[in-house]
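Let me begin by presenting the structure, written as structure tokens, before commenting on it.
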Amino acid sequence: MLRTHYCGNLRETNMKSSVKVCGWVNTKRDMGGIIFIDLHDREGTLQVVCDLEVLKDKFKIIENIKNQSVLQVSGKIRLRDHETINPKIATGTVELYAEDCTLLSEAAPLPFSLDDDVREDLRLKYRFLDIRRETMINNLKFRHKIQKLTQDYLDNEGFINVETPMLTKSTPEGARDYIVPSRVHPGEFYALPQSPQIFKQLLMVGGIDKYYQVARCFRDEDLRADRQPEFTQVDMEMSFVNQEDVLLHLEKMFKYIFKHSMNVEFDEKFTRITWQTAMDRYGSDKPDLRFELPIIDITDIARVCEFSVFRKVVDDGGVVRAICVKGGDIFTRSQIDELTKTAQTFGAKGMAWISLRPDGEIYSILTKYFSEKDIKAIIEKTEAKNGDFILFCADKLDLVRKVLGILRLEIADIFQLRRKDDYKILFVTDFPQFEYSEEEGRFVAAHHPFTMPYEEDIDILETDQGAVRAQAYDVVLNGVELGSGSVRIHNSKIQEKMFNALGFSDEEIKERFGFMVDAFRYGTPPHAGFAFGLDRLVMILVGASSLREVIAFPKTKDASCLMTNAPNVVDEEQLEILNLGLSQKELSLNKKAKSNDQIDIDVDKVAALAMLSIKEENKDKMKEDLLSIIEFANQLKEADTSNLKLKTNEVTNVFRADKVTNTNRRDDMLKNAKTKEDGLILVKKVIE
RNA sequence: GGCCCAGUGGUUCAGUUGGUUAGAACGCCGCCCUGUCACGGCGGAGGUCGAGGGUUCGAGUCCCUUCUGGGUCGCCA
């Protein structure tokens, strides 16, 4: 047995017992004849006392031990003298008096300190070390807890955990898919699932009745702090339920999770608001209700006011809306400028405002455009009092909603109304069934094409698509969309209408989800479901500002992995097996000449790489350098370096910086490069 | 694809209107120390200032290009 206890779990109750612990050496305090070591494992830190008199020969192991080495220590747990108690650690009242020790693994100096805040790229490159930090371990532990609580809840409610395929078919109407080539079927591809949507519905047809899965999902879209290309959803589906049943289930589930993970209880029922209300009152389909700050429509006042800018907007079919900020008169000029800048960033032409001074004076650039009557009407409508600040946005409906929605959040931040330990969770219901896609010039499914519209809206499915409301709902926590779900269509006739409304031809229906339409002919229960992003929930609950803090091995902004260097180039043989070829265009577009890939030295390839790394407009300028690198590459060739591989950025560096004149640098690179083995880039000649 | 921010020994940072040999802390290496807990003391090594080009008598500092990472808009049913 390598150990009897975790370091972090030892307490006074373990006094005088013989224990064996293993862990990483966090710090060493060497007093000469006695050395203190903070030994750390996932449960915490324990002070180990190493006495020369006791350890004898083994003492030199401790004397020479490097930070972060892995050490096994056995000995007795002793109570610390009162004055040597360390209140900063949980084990602070005890210490391990070492009787024997073994160095299990020596550690090289770490590339960064585990105590410092360190550059993101370093953290990701050495993620295995980054995870060793207490906060990361705690985040992952917490994530596990949330996942387990969710599963416990669903298990208890009679849900069955079923796995669905990762290699599957492209999902309709969604984000871009990650695709996987098939060796057996040349020229054909699987898609990685964006969600198990279709499969879970087919499980309902199969009679599973209540299903859940902690499912990995993939979307090939650009990343954000709260968006990773692969992420985890807790996915569920139920048969013989309506929307109300699902919402009650979700409410119960989230209350269970919050109670047992955060010790947070929600006394009342979750707030429910319709999408329409959310958009009008808060300018967002995921409103943050930790504060109110509602958006107020003053279009009617604007229509007849004396300010021509507002009037014109209204005449053109736009709206004018306002936010009244209680106590907003304290805004400084630069804060107002910031708000205006935000409004403009999101497309507003400007941001009008009125400040009501505490003494009742009205301060605004609008005073000269507005009549006293207008201002009075606005103050009345927005219920503004002395000391308040009213800001306006006038434009098309969508833009006004968006801009005021964002300003609302920014204002809340100024007043620090978005506290991390405050949790407001709500349902947004009655999403529109369709939204108009400018890009495609047609209505597309707002949720997905299997979403059930309200009964009373079925008649207008094909005639007034913009007005159809779906039985679709989101769960929103503190302004973040946690997840969404819907009642599904289980009636072939309605499904057919839906496809028609979306403009699918019979051919397309058959090709894209023929199997599903077919399956629904054989007895489909009414069903509905939901899925929420596990990563996002955990992120919010641990108070992190990026998903990377709660995912063990996340990707960077451009969806690559700094640790493994994925994605990378595969060799020609693999491509051949898959019957894949890369076109010239792909080669120069997909930047396989990325810094971390490596290449065979070949005159053409080096030249090609050089060309790839230069922008078109700079090519003439760089021509001379290009000749240098070709010369350099030739020299390498003559030097019999057929197995030589270099990092591509090293190659470009050579050609840019050294121009083959710095022989020391070149020799260094040769030495360095020979030790690198993997990687092969297929760059064809692109200079013509 | 657009916009914004950052890049200075291993790490975190400082670096004045452009001006001697680029500093500090931690870490690392060597020596001393039997009650420390971010131990302490003495000594030492370590830097193409991300890269290239330009302006200048002179660039870490100004300009252009480029790489890397982050944030954001578009995008994300």
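The sequence lines fix the lettering, A, B, ..., with proteins before strands; numbering per chain opens at 1.
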S113(A) or I85(A): which one's nearest nucleotide on RNA chain B is closer to the 5' end?
S113(A)
Could you tell me whether the side chain of V118(A) reaches within less than 4.5 Å of the side chain of R133(A), counting heavy atoms only?
yes
In whole Å, what separates the C1' atom of rA14(B) from that of rC57(B)?
28 Å
Looking for any heavy atom pair under 4.0 Å, which part of the strands does F112(A) touch: base, sugar-phosphate only, or nothing?
sugar-phosphate
Quick one: do E410(A) and K341(A) make a salt bridge, cutoff under 4.0 Å?
no
Scan R119(A) against the nucleic acid and name what it touches under 4.0 Å (heavy atoms): base, sugar-phosphate only, or nothing.
sugar-phosphate
Does the pair Q68(A) and N26(A) meet the rule for a side chain to side chain donor-acceptor pair (under 3.5 Å), with working shown?
CA-CA 6 Å; Q68(A) 292 302 317; N26(A) 260 8; 2.9 Å; yes
Does the rC76(B) base have a donor-acceptor partner in the side chain of R227(A) within less than 3.5 Å?
yes
rU36(B) base to K28(A) side chain: any donor-acceptor pair below 3.5 Å?
no
Could you check whether the side chain of E95(A) and the base of rG35(B) have a donor-acceptor pair of N or O atoms closer than 3.5 Å, going by distance alone?
yes
With no angle test and no hydrogens, is the base of rC33(B) tied to the side chain of R29(A) by a donor-acceptor pair under 3.5 Å?
no
Donor-acceptor pair under 3.5 Å: do we get one between R80(A)'s side chain and the base of rC37(B)?
yes
